[in-house]
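The figures here come from the full heavy-atom set of this structure, side chains too, leaving out hydrogens, waters and symmetry mates. One is the number of the first residue; the rest follow in order along the sequence. Here the structure is a predicted model, which is why all the values come from computation and not from measurement.
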Amino acid sequence: MERIAITDKAAKVLEQLKAKHGDLIFHQSGGCCDGSAPMVFEKGDLYLDESDVLLGTLNDVNFYMNQDQFEYWKHTHLTVDVTEGRGASFSLEIPLGLRFLIQSRLLTKEEEAFLIVNLKEDISF
């Protein structure tokens with residue numbers, strides 16, 4: 001079971017960004033406005049610390065979320081998608097006229113039970 005997934009369309013954009021920029025990370029900070037959207041950075045361009053939770057890996061790109069934001073999203077399955085339109089962030093897809101976004105749904109009881117049992121393996125700081 002996974003906590004996070006990516007659409008085919010978003011995965012193609014991510015692969016394009018990896019080809020241009022090399023190793024990447026996703027980060028969702030939980031700030032206001034575009035700060036609550038997932039952003040892609042070159043690996044090493046964003047300082048990560050113990051307040052960042054690793055939710056999973058999408059196409060060899062780690063996806064981190066700020067711990068405070070994760071408290072709001074911990075009962076949901078997240079899917080990274082992409083849409084046309086420029087966001088107001090420093091995310092690498094912005095110059096393409098695109099922006100990543102999150103689609104969410106509540107975890108099923110089975111998914112939540114599995115993730116709680118495997119919490120230490122599922123989430124790392």
Side-chain angles (χ1 to χ4, degrees):
M1 290 188 193
E2 58 187 16
R3 182 176 291 283
I4 191 158
I6 190 167
T7 65
D8 290 340
K9 187 176 174 182
K12 287 178 186 174
V13 174
L14 187 60
E15 290 303 315
Q16 182 181 355
L17 294 172
K18 285 169 52 178
K20 182 176 181 177
H21 298 282
D23 292 337
L24 305 173
I25 64 164
F26 269 108
H27 190 270
Q28 188 166 336
S29 69
C32 73
C33 310
D34 281 345
S36 59
M39 292 185 255
V40 174
F41 301 99
E42 290 183 18
K43 191 174 184 178
D45 276 358
L46 181 70
Y47 176 73
L48 299 172
D49 62 23
E50 61 276 350
S51 69
D52 295 301
V53 178
L54 175 62
L55 297 185
T57 302
L58 304 170
N59 295 37
D60 298 320
V61 176
N62 286 345
F63 189 106
Y64 296 91
M65 182 179 282
N66 180 271
Q67 189 174 10
D68 293 337
Q69 180 77 346
F70 178 70
E71 281 301 310
Y72 293 109
W73 292 82
K74 67 183 176 184
H75 300 291
T76 59
H77 178 276
L78 307 176
T79 301
V80 176
D81 201 356
V82 69
T83 190
E84 291 183 11
R86 291 181 52 94
S89 75
F90 297 106
S91 191
L92 295 176
E93 81 282 3
I94 298 303
L96 302 174
L98 302 170
R99 62 186 173 92
F100 288 111
L101 57 92
I102 291 290
Q103 298 174 2
S104 65
R105 65 168 173 79
L106 289 175
L107 294 169
T108 65
K109 289 180 182 181
E110 294 80 16
E111 288 172 323
E112 191 153 21
F114 177 84
L115 292 173
I116 288 170
V117 167
N118 295 289
L119 187 61
K120 294 216 183 265
E121 294 170 17
D122 181 53
I123 301 170
S124 38
F125 296 92

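- Taking both residues in full, the closest heavy atoms of Ser91 and Pro38 are given as OG-O, 4.4 Å, listed atom of the first, atom of the second, then distance.
- Under a 3.5 Å cut-off, the side chain of Thr79 and the backbone N or O of Ala5 do not form any donor-acceptor pair.
- When hydrophobic clusters are built by joining Ile, Leu, Val, Met, Phe, Trp and Tyr residues whose side-chain heavy atoms come closer than 4.5 Å, directly or via intermediates, Ile94 is not grouped with Leu101.
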Criterion side-chain contact (heavy atoms from CB on, under 4.5 Å) on Asp68 and Ser51, from CA distance to verdict: CA-CA 8 Å; Asp68 293 337; Ser51 69; over 6 Å; no
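- The residue from Asp45, Asp52, Asn62 that alone fulfils the side-chain hydrogen bond (donor to acceptor under 3.5 Å, both in side chains) condition with His27 is Asp52.
- For the atom pair CZ of Arg86 and CG of Leu96, the computed distance is 9.5 Å after rounding to the nearest 0.5 Å.
- To the nearest 0.5 angstrom, Phe63 atom CZ is 4.5 Å from Gln28 atom CD.
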With side-chain contact (heavy atoms from CB on, under 4.5 Å) as the test, would you mind laying out the steps for His77 and Ile4 before giving the verdict? CA-CA 6 Å; His77 178 276; Ile4 191 158; 5.8 Å; no
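- In this structure, the separation between CG on Leu98 and OG1 on Thr83 is 8.0 Å, given to the nearest 0.5 Å.
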Which atom pairs, donor and acceptor, lie under 3.5 Å between side-chain atoms of residues 15-22 and protein residues at least two apart or in another chain?
| residue | atom | partner | partner atom | Å |
| --- | --- | --- | --- | --- |
| Glu15 | OE2 | Lys18 | NZ | 3.2 |
| Glu15 | OE2 | Asn59 | ND2 | 3.3 |
| Lys18 | NZ | Asn59 | O | 2.6 |
| His21 | ND1 | Glu42 | OE2 | 3.1 |

Taking it one step at a time, do Phe70 and Leu55 satisfy side-chain contact (heavy atoms from CB on, under 4.5 Å)? CA-CA 9 Å; Phe70 178 70; Leu55 297 185; 3.5 Å; yes
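- In this structure, Ser104 and Leu78 approach most closely via the heavy-atom pair CB-CD2, 3.8 Å.
- With rounding to the nearest 0.5 Å, the separation of NZ in Lys12 from CD1 in Ile6 is 12.0 Å.
- Donor-acceptor pairing under 3.5 Å is lacking for the side chains of Tyr47 and Asp49.
- When every heavy atom of Ser29 is checked against every heavy atom of Asn66, the shortest pair comes out as O-CB, 3.2 Å.
- Between the side chain of Thr108 and the backbone N or O of Glu111, at least one donor-acceptor pair lies under 3.5 Å.
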Determine, step by step, whether Val40 and Ile25 satisfy the side-chain contact (heavy atoms from CB on, under 4.5 Å) criterion, reporting the C-alpha distance in whole Å, the side-chain angles of both residues, the deciding distance to 0.1 Å, and the verdict. CA-CA 6 Å; Val40 174; Ile25 64 164; over 6 Å; no
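- Rounded to the nearest 0.5 Å, atoms CD (Glu2) and CZ (Phe114) are 11.0 Å apart.
- Residue pairs meeting the ring pair (Phe, Tyr, Trp, His ring centres under 6.0 Å) criterion with at least one partner in residues 80-103, sequence neighbours excluded, are Phe26-Phe100.
- Between Leu14 and Leu58 the shortest heavy-atom distance is CD2-O, 3.6 Å.
- Within the 3.5 Å criterion, the main-chain N or O of Lys74 finds a donor-acceptor partner in the side chain of Arg3.
- Leu92 and Phe41 get closest at one heavy-atom pair: CD1-C, 3.9 Å.
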